[in-house]
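A short worksheet on the structure shown next.
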Number of protein chains: 2
Amino acid sequence: MGVLEKGRLKPATVRSWVDVLPYDTILQQDCIEAMRALPAKSVDCIFADPPYNLQLGGDLNRPDGSAVDAVTDEWDKFDSLAAYDAFTREWLAEARRILKDDGTIWVIGSYHNIFKVGSAIQDLGFWILNDIIWRKANPMPNFKGTRFTNAHETLIWASTGEKAKYTFNYRSMKTLNDEIQMRSDWEFPICGGQERLKKGGTKVHPTQKPEALLYRIMLASTKPGDVVLDPFFGTGTTGAVAKRLGRRWIGIERETAYVEAARERIEAALPLDESALKTMQAPKSQPRVAFGQLVENGFLKPGTVLTDGKRRWKAVVGADGSLSCDGQAGSIHKLGATLQNAPSCNGWTFWNYEAADGLKPIDAIRQNYLLATQP
Amino acid sequence: MGVLEKGRLKPATVRSWVDVLPYDTILQQDCIEAMRALPAKSVDCIFADPPYNLQLGGDLNRPDGSAVDAVTDEWDKFDSLAAYDAFTREWLAEARRILKDDGTIWVIGSYHNIFKVGSAIQDLGFWILNDIIWRKANPMPNFKGTRFTNAHETLIWASTGEKAKYTFNYRSMKTLNDEIQMRSDWEFPICGGQERLKKGGTKVHPTQKPEALLYRIMLASTKPGDVVLDPFFGTGTTGAVAKRLGRRWIGIERETAYVEAARERIEAALPLDESALKTMQAPKSQPRVAFGQLVENGFLKPGTVLTDGKRRWKAVVGADGSLSCDGQAGSIHKLGATLQNAPSCNGWTFWNYEAADGLKPIDAIRQNYLLATQP
DNA sequence: TTATCCTGTGAATCGTACG
DNA sequence: CCGTACGATTCACAGGATA
């Protein structure tokens, strides 16, 4: 379906590739095959969410014993790192051929695959414009306490070459960000709630991306009427957002279940009005300062002695921002609660340091830190 | 200076590599040469901030050893990218040789080089544990308005292999972050103010890293006394923080101006005292206490009734430290798992006893036992 | 009706020691 | 090498149930 017929591509009858591209359509085919059938220099933007090649071990259970529903789908399985690398270079080479000279490509990934992707992008002659960090507001925790919480994903944004022109709607981005330049780190919640496509109570796709992410991408790097290609279409977030923003789209997806869900979804999508624009803005995250940050940044030295307002207890600041007192140790809040035998305690106001003019709550130091670091 | 002499490495007189390493010293040499002279499996941690400027002349050689000329045309760009790749793989291979089996490596970079670095790290058999985002609180704006403000840098943290052990001070990180798991995105201000090394009003090093960054890295992934190697030492942030935190360090740096600045700086750094260096210990590093010991030593009487937090089950303590409930019996862990129909269960936190002020987990009794019996 | 509690869940390379 | 036992381990948000 939708594949180009050679006969239609005669230069004499076709004014531009745009006239023969299969717009606003899902090509249910293998990704690379479908891309090979598309003409060179024909799309304005590519957004790609390729398989991440996760290497998961056994089952993972949460501390409460329940099981984690992991990504175990066949499409994420590759024989080796080298096989994944080869696959990556193959589809990226097609992507480069299909992109117009002034087009740009976005690829999203995690540490499992993004370095292979980025390396291939550079080798193929793309020119990286930015790497963008999607900070997840609500990531899955690290249940076993073995690593840092994997709380972000990385996007690479690249043009077709060092000297290539490209679209960047600087003003739109600045407006979207309350008149401050849009930075390379974006915060969005993961896709859930009403937005998450479900069938029979279970998620249709294990890795559905939030529309807010695609919204910002298209608003930043495409113009109305541009053609956006998504070679790993999944449940069609790209198509839904493109329709809402007045862009044209082409999706490539092999799995029937995903294709059907995407069709329904895009059919139901309505062009966006101005009021909805605001809702796509990321919520302003309030600066949260951990006690440990003050220690790390030299606002409070490890070894400093803190005391409560009535000087009943003396505690020593540890290198990791812990407090120790009489053989007990913990965070400023935990230790305060333990010593008072209370269920909870606000360590910021409970603990004090000796200032020139008497005891002062450590919250004063936090305020200093905020003043020094916030613009 | 400081280079190992072969004569000192005789197994008969040297008990371990640790005895012959040039500690707390700067090796003023070429990075790769100096690394080649270091013994295999000899350092606990490597922090590397490699150059990413492709025109650092001497640093960049083609695989055949010839120098790369000035970068002007397309061909040379690919050529220099390949040369950078070769350089990266060369020093990373040495790093892997020098690292102990249970050591880890950190590499920091930007989108210019981090994908090449990460790809090489994976190809060399390292196992990526996390990629970490340093969100700059005060990044340089994009003056021309042509891209997103480049407001972060990326760190890769990797062990020596998929099954390799490694140090991760989970409790310290959680304490440092106000009792919430430390995430993969870290916010720090860029290095400035008093901390920024200057000479005659101008900065000594263009990319001096903030000490807070190294502080968190070492606190997370090393133990006191560990050896931290920095093959691109620059002005010695790694050395200064290592000294403060009671870690040993080795720096490699070729430029005399940097070496001199680093020496002065580290000389002036003050080590933290013993009490402040104590960080939150993982429970698993405490001596193991069997539940039966508490019974044997009278901390808990046989016949005591225990219950889960929601009082769904009541179990009786046996004289042998077993628990019985509804005709089922077993260890505190096994019975908890069986009753909940869960794959596993931590009996210490699952089971509670009636204290004067409500239910308390039996882990509290274990803590009392530890306090009473540990020196 | 509103406030609170309880439960479910998301791209995850998720343990270790001992016999 | 493998099996078994110990026992360590979760954050934010949504949605439904309860008070």
Side-chain angles (χ1 to χ4, degrees), chain A residues 49-73 75-76 78 81 84 108-114 134 136-154 187-196 198 201-203 205-210 232 234 283 285, chain B residues 122 126-131 158-159 161-166 168 170-171 174 177-184 282-286 288-292 310 330-334 336-337 342-351 361-363 366:
Chain A
D49 181 13
Y52 287 7
N53 190 30
L54 298 186
Q55 308 282 305
L56 305 181
D59 294 334
L60 179 63
N61 290 300
R62 301 165 198 271
D64 68 1
S66 65
V68 173
D69 183 17
V71 178
T72 51
D73 306 70
W75 50 254
D76 198 43
F78 293 84
L81 191 58
Y84 183 80
I108 185 169
S110 65
Y111 66 85
H112 309 86
N113 70 325
I114 199 65
W134 168 25
K136 300 183 183 182
N138 48 347
M140 187 170 341
N142 181 289
F143 295 115
K144 301 290 188 195
T146 55
R147 303 176 178 194
F148 298 96
T149 304
N150 193 7
H152 73 274
E153 294 191 21
T154 302
E187 178 167 332
F188 296 110
I190 57 177
C191 181
Q194 295 295 322
E195 189 184 329
R196 189 89 193 198
K198 293 192 178 176
T202 56
K203 55 189 177 191
H205 195 284
T207 71
Q208 187 182 337
K209 294 293 175 287
F232 306 94
S285 61
Chain B
Q122 290 182 305
F126 286 108
W127 194 248
I128 297 179
L129 298 167
N130 277 115
D131 59 336
S159 69
E162 181 176 0
K163 308 275 199 252
K165 288 182 187 175
Y166 58 91
F168 177 53
Y170 175 76
R171 284 294 329 164
K174 192 167 173 179
N177 197 35
D178 274 5
E179 294 301 323
I180 293 168
Q181 278 192 346
M182 188 70 82
R183 298 168 40 117
S184 56
K284 64 183 159 195
S285 67
Q286 292 179 351
R288 176 178 287 196
V289 178
F291 182 66
K310 293 174 186 168
S331 72
I332 54 172
H333 314 296
K334 217 172 190 178
S344 66
C345 168
N346 182 348
W348 292 108
T349 51
F350 179 74
W351 293 107
I362 55 176
D363 189 46
R366 177 169 60 161

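The sequence lines fix the lettering, A, B, ..., with proteins before strands; numbering per chain opens at 1.
Judged by distance alone, with hydrogens and angles left aside, B/S344 brings a side-chain donor or acceptor within reach of the base of D/dA8, the pair sitting under 3.5 Å. With hydrogens and angles ignored, no donor-acceptor pair under 3.5 angstrom links the side chain of B/R366 to the base of D/dG7.
In this structure, the nucleotide among D/dG7, C/dA11, C/dG10 sitting nearest to the side chain of A/L54 is C/dA11. Closest approach to the B/I180 side chain among D/dC11, D/dA8, C/dA12 is made by D/dC11 (side chain taken as heavy atoms from C-beta onward). Across D/dT9, D/dC6, C/dG10, the shortest atom-to-atom separation from the side chain of B/T349 is found for D/dT9. Nearest to the side-chain atoms of A/A137 among the listed nucleotides C/dA12, D/dA8, D/dC13 stands D/dC13. Across C/dG10, C/dA17, C/dC14, the shortest atom-to-atom separation from the side chain of A/N142 is found for C/dC14. Listed nucleotides D/dG7, C/dA12, D/dT10 differ in distance to A/D64; the shortest reach to its side chain belongs to D/dT10. Distance from the side chain of A/N150 is smallest for C/dA12 among the nucleotides C/dT9, C/dG15, C/dA12.
The side chain of B/N346 contributes an N or O atom lying less than 4.0 Å from OP1 or OP2 of D/dA8. Within the structure, every side-chain polar atom (N or O) of B/K334 is placed at least 4.0 Å from both OP1 and OP2 of D/dC6. A close approach under 4.0 Å does occur between a side-chain nitrogen or oxygen of B/R288 and OP1 or OP2 of D/dG7. Distances shown here put every side-chain N or O of A/K136 at or beyond 4.0 Å from the OP1 or OP2 atom of C/dG10.
Map A/T146 and B/K165 each onto its nearest nucleotide of DNA chain C; the residue landing nearer the 5' end is A/T146.
Comparing C/dC18 with C/dC14, their P atoms are spaced 23 Å from each other, to the whole Å. A distance of about 16 Å separates the P atoms of C/dT1 and D/dG16, rounded to the whole Å. Taking atom C1' on both C/dT16 and D/dC1, the two are 16 Å apart, rounded to the nearest angstrom.
Considering only residues two or more places apart in sequence or on other chains, A/F78 meets the ring-ring contact (aromatic ring centres under 6.0 Å, His included) condition with A/Y84, A/F87.
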query: According to the Watson-Crick and G-U wobble definition with distances under 3.5 Å, which dot-bracket string, read 5' to 3', encodes DNA chain C, using [ ] for crossing pairs and | for pairs with another strand?
result: .|||||||||....|||||

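No donor-acceptor pair under 3.5 Å is formed between the side chain of B/R183 and the backbone N or O of A/T149.
B/K310 comes within 4.0 angstrom of sugar-phosphate atoms only, judged by non-hydrogen atoms across all strands, and of no base. As judged by a 4.0 angstrom heavy-atom cut-off over every strand, A/S110 is placed among residues making no nucleic acid contact. At the heavy-atom level, B/C345 lies under 4.0 Å from base atoms of the strands shown. Backbone-only contact: B/K174 has heavy atoms under 4.0 Å from sugar-phosphate atoms and none from a base. Contacts of A/P210 with the nucleic acid, taken as non-hydrogen atoms under 4.0 Å apart, are absent. Heavy atoms of A/D49 sit under 4.0 angstrom from at least one base atom.
Using a 30° and 60° split on the angle between ring planes, B/F168 and A/F148 fall in the perpendicular class, above 60°.
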Using nucleotides 14-19 of chain D, report all nitrogen or oxygen pairs with the protein that are shorter than 3.5 Å.
from	atom 1	to	atom 2	distance (Å)
D/dG15	OP1	A/Q194	NE2	3.3

